[in-house]
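One-based numbering, in listed order, for ligands and for the atoms of each. Because the structure is a prediction, the values reported are computed rather than measured.
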Amino acid sequence: QVEGQNFLDSTLLAAVVELLLFAKKHPPYIPSSIPFLGHAIAFGKSPIEFLENAYEKYGPVFSFTMVGKTFTFLLGSEAAALMFSSKNDELNAEDVYSKLTTPVFGKGVAYDVPNHVFLEQKKMFKTGLNSVRFKQHVKLVEAETIEYFQRWGDSGERNLFEALSELIILTASSCLHGQEIRSMLNERVAQLYADLDGGFSHAAWLLPSWLPLPSFRKRDKAHVEIKKMFFKVIEKRRSSGEKVDDILQTLIDATYKDGQPMNDNEVAGMLIGLLLAGQHTSSTTSAWLGFFLARDKALQEHCYAEQKAVCGEHLPPLDYDQLKDLSLLERCLKETLRLRPPIMTMMRMARTPQAAVGYTIPVGHQVCVSPTVNHRLRDTWVERMDFQPDRYLNNNPAAGEKFAYIPFGAGRHRCIGENFAYVQIKTIWSTLLRMYEFDLVDGYFPTINYTTMIHTPHNPIIRYKRRKQ
Ligand code: HEM
C-alpha cells in the first residue's frame, strides 16, 4: 500500500510540474505572411541583422519559422545557458546534425552513435592532442606553409581564402592523419575531399539524403573511395605492429570504457570527421585574421616585431614554446574569433519542453544559440564592433558573462579542436608574417558571404609583398 501511495505521490508531482511548465507561455513568435518559407529569405540575406533586430524587439528568446521548421533562438549569456547545461536527451544534437554529418563521416561515429559513445570517441582523440604532438605539429605546419606559398612569388594579389583552404587540408592531414595518408594527398584525393565536403550544403540539410542529386552522388562516391584509402593505411599499421607517434596511432590503440578498441570503420570515420571539423572553421578564421592584420598595418608590424622579440632577431625555425609566447598574435586570433566566429549557430532539437527565461519552448522546436550575436551584444561588449585585441588584457572583457564568448561552444558538445586550431593558425600566420607584408586591395575589406554554411569572406583578394630581411 505504501508503494502504491508513493507511486500516486510521484505521478501527482509529475503532473503538477508539467502543469506549471505548460502554464507558462511560449516564446514570442515573429509572424510571417509567407507560407512554409516564412522568414527564410530575410534570414538568409542577413542573419545577424535579422537576429539583432528581433532581439531588440522581442528580447533574448523568440521563435520564427523557416522552410516549415520552427526555430527558437536563445540570445545573450543567460538564455544561452539553457543549451549548454541541458542533457542531450532534452536538447538533442543528433536530431539536427546527423542528416548532414552521417553521409559524410559514415556510420559508427559522431552523431550516428548515442552521445555517450561520441563523448568517449572525443576523449580518445583528445588524448592524442598533447604538447609533445603540438611540438611536432608546429614543425609540420611551418614546413607545409613555406612549401605552399612558394607559388605566390615575391608580390601580387591573390585569393587568400582559397590559398588557406588548400593549405589547411595539407596541414591538417599531416598533423591529424599522419605521413602515410598525407603522402597520398594529390589533386585527385583533394577533389575527393572537396566532393565529400560538398555534402555540407543547405540542400543536404533540407532534402532526404537518398535523393539522386549529383552532389549527393559525388559525396557518397567520395566517401567510399576515401574510406578504402584509409582502410589500407590502418590495416598496414595494424599488421606491421610498428608504433608511430601520431594521432592515427592514438586512435588505433584507444579503447572504449568496456575495453573494446575502435574498429577500422570507426577510426576511418573519425579521421574524416576531424579533418572536416577543422577545415572550414580554421580556413575562414585564418583568412579573416589576415584581413584584420592587412587593414591595420601598425598592428601587423607589432605582430612581426613580437616574433623578433620572442624568437630572436634572425627568426630561427618556429618552436612550440615560443609560439605560446606570441601573445599579441594570440589576442588577434581571439578577437578574430569574436567578430567572425565561423560557426554562427549551434542547434539542438527540443525533445522535451524546455523552460527558458520565463517561457516554455515546446517539443519539436530547433533551439539555437548564436556565438556571432553573443559576441557583439551592446550591453556586454565595449566598442563592440571594433577589432581590439588588447581588450583581453582586461580581466572582464565581456562584463564577466559566462557565455558571452563562445566561438568553440560550451558544455557536452564543446569543441575539442581548440588548442590544435590555435597552434595551426598561429603557426601559419607567424610563417606568413615572416615572408610577406600584407595590404588590402584599394582599401577593400571583405564583406561577409552569408550564402555558405560557414560564413566566408566575400571576394577575399589580398595584396602581398615579400619582406626585406
Ligand atoms: C577555429 C577553429 C574551430 C572552431 C571555431 C570550432 C568551433 C566549434 C564549435 C562552436 C563547436 C560546438 C558545436 C555545437 O555545440 O553544436 C565545436 C565542436 C567540435 N569541434 Fe570544433 N571548431 C574548430 C576547430 C576544430 C578542429 C580543428 C577540430 C578537430 C581536429 C574540431 C572538432 C570538433 C569536435 C569533435 C566537436 C564536438 C561536437 C560535439 O560534441 O557535438 N573543431 N567546434
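Of all protein heavy atoms, the one closest to atom 18 (C) of ligand 1 is C415 CA, 3.4 Å. Considering only non-hydrogen protein atoms, atom 27 (C) of ligand 1 sits nearest to G278 CA, 3.5 Å. If you check which protein heavy atom lies closest to atom 15 (O) of ligand 1, you get R348 NH2, 2.8 Å. Ranking the protein heavy atoms by distance from atom 16 (O) of ligand 1 puts Y97 OH, 2.7 Å first. The single protein non-hydrogen atom nearest to atom 24 (C) of ligand 1 is T281 OG1, 3.6 Å, given as residue, atom name and distance. Closest to atom 28 (C) of ligand 1, if we only count protein heavy atoms, is G417 CA, 3.6 Å. Nearest protein heavy-atom contact of atom 12 (C) of ligand 1 is H413 O, 3.5 Å. Of all protein heavy atoms, the one closest to atom 34 (C) of ligand 1 is I416 CG1, 3.9 Å.
The pair R331-D390 meets the salt-bridge criterion, with a side-chain N (NZ, NE, NH1 or NH2) lying under 4.0 Å from an Asp/Glu carboxylate O. Between K232 and E225, no side-chain nitrogen of the basic residue sits less than 4.0 Å from a carboxylate oxygen of the acidic one, so the salt-bridge criterion is not met. Salt bridge absent: R158 and E162 never bring a charged side-chain N and a carboxylate O closer than 4.0 Å. The pair E144-R182 meets the salt-bridge criterion, with a side-chain N (NZ, NE, NH1 or NH2) lying under 4.0 Å from an Asp/Glu carboxylate O. The existence of a salt bridge linking R219 and D197 is excluded, since no basic side-chain nitrogen approaches an acidic carboxylate oxygen closer than 4.0 Å.
Under a 4.0 Å criterion applied to the non-hydrogen atoms of P342, ligand 1 contributes the atoms 5 (C). Contact atoms of ligand 1 toward L176: 30 (C) (distance under 4.0 Å to a heavy atom of the residue). Atoms of ligand 1 lying under 4.0 Å from at least one heavy atom of F125, given by number and element, are 30 (C). The contact set between ligand 1 and T285, taken as ligand atoms under 4.0 Å from a residue heavy atom, comprises 1 (C). Each of the atoms 2 (C) of ligand 1 lies under 4.0 Å from some heavy atom of A421. Close approach to Y111 involves these atoms of ligand 1, each under 4.0 Å from a residue heavy atom: 38 (C), 39 (C), 41 (O).
H137 places no side-chain N or O within 3.5 Å of a backbone atom of F420 that could act as its donor or acceptor partner.
Under the 6.0 Å distance and 45° angle rule, R295 does not count as a cation-pi partner of F292. A cation-pi arrangement is absent between K228 and F230, since the terminal nitrogen or guanidinium carbon is not both under 6.0 Å from the aromatic centre and inside a 45° cone about the axis.
Under 3.5 Å, the side chains of E266 and Q121 contain no donor-acceptor pair of N or O atoms. Between the side chains of N265 and K227, at least one donor N or O sits under 3.5 Å from an acceptor N or O.
The residue among G409, P407, A277, A93 with a heavy atom at the shortest distance from atom 7 (C) of ligand 1 is P407. In the candidate list R340, M347, K122, K122 is nearest to atom 37 (C) of ligand 1, counting heavy atoms. Between atom 3 (C) of ligand 1 and the options F118, F420, F408, the minimum heavy-atom separation is to F408.
Contact annotation: for L119 versus ligand 1, there are no heavy atoms closer than 4.0 Å.
Under the 30°/60° scheme for interplanar angles, the aromatic rings of F291 and F445 are found to stand perpendicular.
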